[in-house]
Amino acid sequence: MSHASQISLTFPDGARRDYTAGVTAGEVAASIAPGLAKKAISATVNGAHCDLQWPIMADATIAIHTMADDAQALELIRHDLAHIMARAVQEIWPDVKVTIGPVREYGWFYDFDRKEPFSPEDLGAIEAKMKQIINARDPVRTETWDRARAIAYYEERGEPFKVELIHRIPEGEDLRMYWHGAWQDLCRGPHLQHTGQVPADAFKLTHVAGAYWLGDSTRPMLQRIYGLAFKNRDDLKAHQTMLEEAAKRDHRKLGREMELFHLQEEAPGMVFWHPNGWQIYRNLEDFMRGRLRSAGYKEIKTPQVVDRVLWEKSGHWEAYRENMFIVEVDEDGGKEKRINALKPMNCPCHVQVFNQGIKSYRDLPLRLAEFGSCHRYESSGSMHGLMRVRGFTQDDAHIFCTEDQIESECAGFIALLSGVYRDLGFAKFDIKLSTRPEVRVGSDEVWDKAEHALKSAIEHLGLPYQINPGDGAFYGPKLDFKLTDAIGREWQCGTFQCDFNLPVRLGAEYVGEDGAKHHPVMLHRAVLGSFERFIGILIENYAGKLPFWLAPRQVVVAAIVSDADAYVHEVVSALKKVGVRAEADTRNEKINYKVRDHSLGKVPVLLAVGMKEVADRSVSIRRLGEQVNDMMTLEAAIATLGFEALPPAA
């Protein structure tokens, strides 16, 4: 800063300009070009997203945003719509109390305290009122208030939830108020400059759900209205079409139709696998076991119930206890209570395996894998079919290595993950590298080496990646892998994390080439994440039409006439001998009924046999989703289907 009243702003191209302290981003845009001032919607100042009205008091980096900047534009549109919806609700029903309305992926929600439930007709009325507010092009303005003034304002208006929010804001932190027209809300911002900047044809209120105030089941139950919002009508329509397709693919719906699994109240968040679903699970497990074996992993199995002493040593008891299932055991006839926990993760137990016996640098890298059964407490409202459960199995592994081996192990893991995803039908995935946070363990030198190793491994494989600065774990940098499914949704499944902390806490050591003891680096890694969630993703990706090798029921041999029953059983027996999961359908039903029935069950192949096929020693093959049958000799069909039943080779 050149002197007290002047500040220097640095732009994305490196250019600098001097301004009077207190200049707003809107004024900065106007100083550059009238056209930019007209198009500007917000700015990023020192990495923080700000609206155009906020004063800039010190030297800073700055980038001006327009509607062409998708991330910033969508955040503002969705945030402003939350306020516009709350205003609309209070204009229609003045006695409704407002609470909070954050932006979320693809839209927003707002929680209301209202005695009467919102109906579908109410949502239509709210949408109509919102469009009126947008078309009015009411100005948006902001002020900073002191705490006493803000509390008095909301107490006078009978808004107890806002008063409580203010009390939760740390002392000394500014309280920012926003007005959309005459309607006011407590909000951190940022926002647009007037309501007319929100596209009136690119949002939709979707549904209402119950939500406890601040997520606390002891507090009042509120009504949460959800909305979708995009930059234009076409994007909204495309997203709505995707949601309709996703509903058709819902793994819970297909799970019932295909008789894969169920969940019930007596075991919330725990999966009851049926024979068909368990077959998928076992197919996937066998596939992963083969890939791990080829990649040099050694499979282990560790206990599910572990004394709290280990969790205290690892740090999980302090940081993760509220998510753990605690098990108290009466030792020695009840004289002493021993407190254990169902393991929420496998890593501390894997260190115990490593710690058995003396390890040398020649033993490294040591790759220990486990299909580890874990339990984590999830609130009832957050659980969702197979996607979020309390009991799950991870395709977990930990690699104990030296700092110099991080890069090669990372490259090997990415190659493993790439092959698995490709063979499971996910050709596209994104990588995010999260670097050191402010609060961390380990020296900068070690972090430098680890971050460089992860970058180099990705770059040597020629893969694109994004960097998330400061988003690494406190114990080391990490990679997250997001795959894209058939309808464009992203799912984070794989992870690769460097850990400099846990081996030290749990006393893991190896004898180095110098004869001294050293702590290994521990690499946490998973490809699928959890079997339960990944199977849910697979079901939805394929809309239940799983690849032949993975499908629980592969072939049904259906008799067209009862005189062909003996041949049906002969064909089934021959298919089973080559490893095909085949079954007979000799029910006294018409063949068209059988075709529809097994199509609903997503059976990949139906072999229809009548007296002609009996005479020719042939079968009529109909594949799921196809309308034309192929004729093949029995010998050729057995060879073809036997080959297709094999899992993809590594």
Side-chain angles (χ1 to χ4, degrees), residues 9-15 17 19 23-57 60-86 100-110 130 133-134 137-142 174 176-180 185 187-204 227-236 238-239 430 432 434 466-471 482 488 490:
L9 299 183
T10 304
F11 294 84
D13 62 358
R17 293 193 181 197
Y19 294 90
V23 67
T24 66
E27 292 166 343
V28 172
S31 75
I32 297 171
L36 180 61
K38 187 175 181 180
K39 292 180 179 179
I41 58 171
S42 65
T44 294
V45 179
N46 283 342
H49 194 197
C50 309
D51 67 36
L52 297 179
Q53 303 178 54
W54 293 3
I56 306 169
M57 303 306 297
T61 59
I62 185 170
I64 305 296
H65 301 300
T66 69
M67 281 293 181
D69 298 310
D70 284 350
Q72 291 79 14
L74 286 170
E75 179 189 344
L76 292 171
I77 288 168
R78 291 163 180 167
H79 200 170
D80 278 65
L81 279 166
H83 283 228
I84 290 168
M85 181 178 76
I100 55 173
V103 171
R104 62 196 294 267
E105 191 175 21
Y106 307 122
W108 79 94
F109 67 75
Y110 207 110
M130 291 172 69
I133 295 169
I134 291 169
R137 299 174 67 84
D138 287 337
V140 177
R141 63 186 181 88
T142 183
D174 289 341
R176 187 167 286 279
M177 301 294 184
Y178 275 90
W179 285 261
H180 284 68
D185 201 2
C187 182
R188 289 192 177 95
H191 283 283
L192 294 164
Q193 286 66 63
H194 61 81
T195 59
Q197 289 178 294
V198 174
D201 61 350
F203 77 91
K204 180 69 179 175
L228 295 172
F230 293 86
K231 286 172 58 177
N232 55 63
R233 183 181 179 182
D234 288 345
D235 288 350
L236 174 64
H239 186 76
D430 297 320
K432 291 189 177 180
S434 297
Q466 294 178 309
I467 294 181
N468 280 350
D471 202 38
K482 283 189 175 181
E490 290 187 335

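Positions are given from 1, in the same order as the sequence printed here.
Heavy-atom neighbours of Lys231 NZ from other residues, nucleotides or ligands within 6.0 Å: above the threshold of 12. Crowding of Arg17 atom CZ: a count of heavy atoms from other residues, nucleotides or ligands under 6.0 Å exceeding 12. In this structure, Gln466 places its CD atom where only 12 or fewer heavy-atom neighbours from other residues, nucleotides or ligands lie under 6.0 Å away.
With a 6.0 Å cutoff to the six-membered ring centre and a 45° limit on the axis angle, Arg78 does not count as a cation-pi contact of Trp108. Judged by the 6.0 Å distance and 45° axis criteria, Arg233 is not positioned over the aromatic ring of Phe203.
Scanning both residues, Ile77 and Ala229, for their nearest heavy atoms gives CG2-CB, 4.3 Å. Looking at every heavy atom in both residues, Gln197 comes nearest to Met67 through O-CE, 3.5 Å. Shown here for Gly101 and His79, the closest heavy-atom pair between the two residues is O-CD2, 4.5 Å. Between Ala200 and Ile134, the closest heavy-atom pair is CB-CG2, 3.9 Å. Cys50 and Ser42 get closest at one heavy-atom pair: O-CB, 3.2 Å. Taking each heavy atom of Asp80 and Leu192 in turn, the nearest pair found is OD1-N, 3.2 Å.
We find the NE2-OH distance between His239 and Tyr106 to be 6.0 Å, quoted to the nearest 0.5 Å. The structure places CZ of Arg137 at 4.0 Å from NE2 of His194, a figure rounded to the nearest 0.5 Å. Rounding to the nearest 0.5 Å gives a distance of 4.5 Å between CG of Asn46 and OG1 of Thr61. To the nearest 0.5 Å, the span separating CG on Asp174 from CH2 on Trp54 amounts to 10.0 Å.
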Criterion side chain to side chain contact (heavy atoms under 4.5 Å, CB included) on Tyr110 and Asp185, from CA distance to verdict: CA-CA 12 Å; Tyr110 207 110; Asp185 201 2; 2.9 Å; yes
Intermediate values then yes/no, side chain to side chain contact (heavy atoms under 4.5 Å, CB included), Tyr19 and Ile56: CA-CA 9 Å; Tyr19 294 90; Ile56 306 169; over 6 Å; no
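Considering Val198, Thr195, Leu228 in turn, Val198 is the only one that fulfils the side-chain contact (heavy atoms from CB on, under 4.5 Å) rule with Leu81. When the options Asp69, Leu36, Thr44 are evaluated for a side-chain contact (heavy atoms from CB on, under 4.5 Å) with Ile64, the one that passes is Leu36.
When side chains are defined from C-beta on, Pro199 does not count as touching Asn232, because their heavy atoms never get closer than 4.5 Å.
Using a 30° and 60° split on the angle between ring planes, Tyr178 and His180 fall in the tilted class, from 30° to 60°. Taking the six-membered ring where the residue is Trp, His49 and His65 present perpendicular rings, their angle passing 60° and hence far from 30°.
No hydrogens or angles considered: nothing links the side chains of Asp51 and His191 as a donor-acceptor pair under 3.5 Å.
Listed for the Glu75 side chain is no donor-acceptor partner under 3.5 Å among the backbone atoms of Gln72.
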